[in-house]
Amino acid sequence: MPADHLARWFAGHWGEAVEISGLKRFHGGSARQTYRCDVTGASGRRESVVLRRDPPSSLIETDRLAEYRAIQCFAGSDVPVPEPIFCDAGPESFGSPGFLMREVAGGQAAGLLDPEPYGDHGASVGQQFFTALGRVHAGDPTAAGLDAPPTHPALARLAHWQAAYAADRFRPEPVLEAAMAWLAANPPPAPPRLSIVHGDYRSGNFLHDGAGRLLAILDWEMVHAGDAHEDLAWACDPLWSHFSGKAGGMLPLAEAIAAWEAASGLTLDPIAWAWWRIMAQVQGLVIWISAAREIIDGRSHDPVLMFAGTIPYRFHTLTLAKALEGL
Amino acid sequence: MSLPLPALLNAVATALANEVAPALQLLGQPEAPDANYAGGTAGTAAMILMLAAAEAAHGPAREAAAADAARPLLGEAATGRDARHAALGAALATGNRAALALLIAEAEAAYAALGLPPPVPVT
């Protein structure tokens, strides 16, 4: 049980008996099991923390340490992230690989189907969100312990998702396969520099306070070094727009790009942008197919994976099929 | 749909027994560590059940319509989702725009069955 692991870990590190209270598991976030709790020591010391640990089955195979290193890289910077405490790449501390962070108080995250998750604060949160993305992309990947991709970053990502699709496909997917063929035949220019790519930067993967302030960027488990256009295209994909036509459901696209350019020091390359917007839908479809495969093979019965294999799957199949018309 | 209906129904049944039923027990115990997670699980499972019911009711007619639409182009290969999509994929690889139009129509029908607002381009 997480409470036992947490009590043992904190007692060992604080050097005193501790009590765990308010333990709560969050719903969603299929790549990790996420718990929050309050830790109170015999001396009265008290902290609220979040534990993220690997589940037996998840949507995406991820590097256990990469997420923690990325959070460490930005802790205390102008990119808001939770404060990291400790990571164990093995099962000893928390029962499975995982890490601890201090809880971000008062934060809320948007759901995929929420119609207006940011209320009247969309523009304000959006400016902060795309500015933070630009700051991430201004960072040095080596500072986050990220290796350069083995080939052209775009083709490396395409190869990554092609391999995931090859491993998880269970029936013909002509729209996806045609899009992959187009992407392979039309690689974009290499970026002027490698960036830290969050890998899942989107509405729903950050906390805000409900009053217009972005509190923390979350879910760094797919972080890697690559082309900054990758994150921007994923963040601006219509799936994350809450049916609004705005980037992330927050800003008109031109304003989102302007905020990102100002913070990153990069300039949007229209050819790369077009390529990565197709790639975003390809990535999405492969993730949704992998989720379905988990269910079909009986490795998971999590309704979140059933949801992923149904609603986002149909969404991206439709948008990608229509995108093929213009290629 | 990415999840074939029999697989989805089987998974839902297993989830109801193994995850949702215990989750519902926890909903009455708000102090239980997994009560919050249980609420989300039960809510998502309810949505999946509704989707599965809609798919069972309307999926066969949608499939028949897709096969009928593709038959002039594909002949007997139009029958059955996987055979049809393999044939449409082969046609699409040669630049056949009629195959793409059929795939778009099928994707539109499948998405419309979800009862959600249409995708809005971010431009």
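Values in this document were obtained by computation on a predicted structure and should not be read as measured data. Order of the sequence lines fixes the chain letters, A, B, ..., with proteins taken first and strands second; residue numbering starts at 1 for each chain.
The shortest non-hydrogen separation linking A/Met306 to B/Ala15 is CE-CB, 3.7 Å. Between B/Thr44 and A/Phe307, the closest heavy-atom pair is CG2-CB, 4.1 Å. A pairwise comparison of heavy atoms in A/Thr317 and B/Ala107 identifies CG2-CB, 4.1 Å as the closest pair. Minimum interatomic distance between B/Pro4 and A/Ile296 (heavy atoms only, all atoms of both residues): CD-CD1, 3.7 Å.
Here B/Leu5 contributes atom CG and A/Thr310 contributes atom OG1; the two are 10.0 Å apart, rounded to the nearest 0.5 Å. Here A/Glu173 contributes atom CD and B/Leu103 contributes atom CG; the two are 10.0 Å apart, rounded to the nearest 0.5 Å. Note: B/Met47 CE to A/Leu113 CG = 5.5 Å, rounded to the nearest 0.5 Å.
For chain B, no part of A/Ala181 is nearby; none of its heavy atoms comes within less than 4.5 Å. Heavy atoms closer than 4.5 Å to chain A are found in the side chain of B/Leu92, but not in its backbone. In this structure, no portion of A/Leu251 lies under 4.5 Å from any heavy atom of chain B. Within the 4.5 angstrom heavy-atom criterion, only backbone atoms of A/Ser244 (N, CA, C, O) approach chain B. Of the atoms belonging to B/Arg97, it is side-chain heavy atoms, and not backbone ones, that fall under 4.5 Å from chain A.
Scanning residues 111-123 of chain B against chain A with a 4.5 Å non-hydrogen threshold yields B/Tyr111, B/Ala113, B/Leu114, B/Leu116, B/Pro117, B/Pro118, B/Pro119, B/Val120, B/Pro121, B/Val122, B/Thr123, sorted by number. Within residues 66-78 of chain B, no residue has any heavy atom closer than 4.5 Å to a heavy atom of chain A.
Remark: A/Gln108 CD is packed, more than 12 non-hydrogen atoms of other residues, nucleotides or ligands lying under 6.0 Å away.
A side-chain donor-acceptor contact under 3.5 Å links A/Arg314 to the backbone of B/Ala110.
Across A/Leu324, A/Leu320, A/Thr319, the residue that shares the most heavy-atom pairs under 4.5 angstrom with chain B is A/Leu324. When each of A/Arg277, A/Lys246, A/Arg36, A/Glu325 is scored by its heavy-atom pairs under 4.5 Å with chain B, the top score falls to A/Glu325. Chosen from B/Ala42, B/Gly43, B/Ala7, B/Ala45, the residue pairing most often with chain A at heavy-atom distances under 4.5 Å is B/Ala45.
A heavy-atom distance below 4.5 Å is not found between the side chains of B/His85 and A/Arg171.
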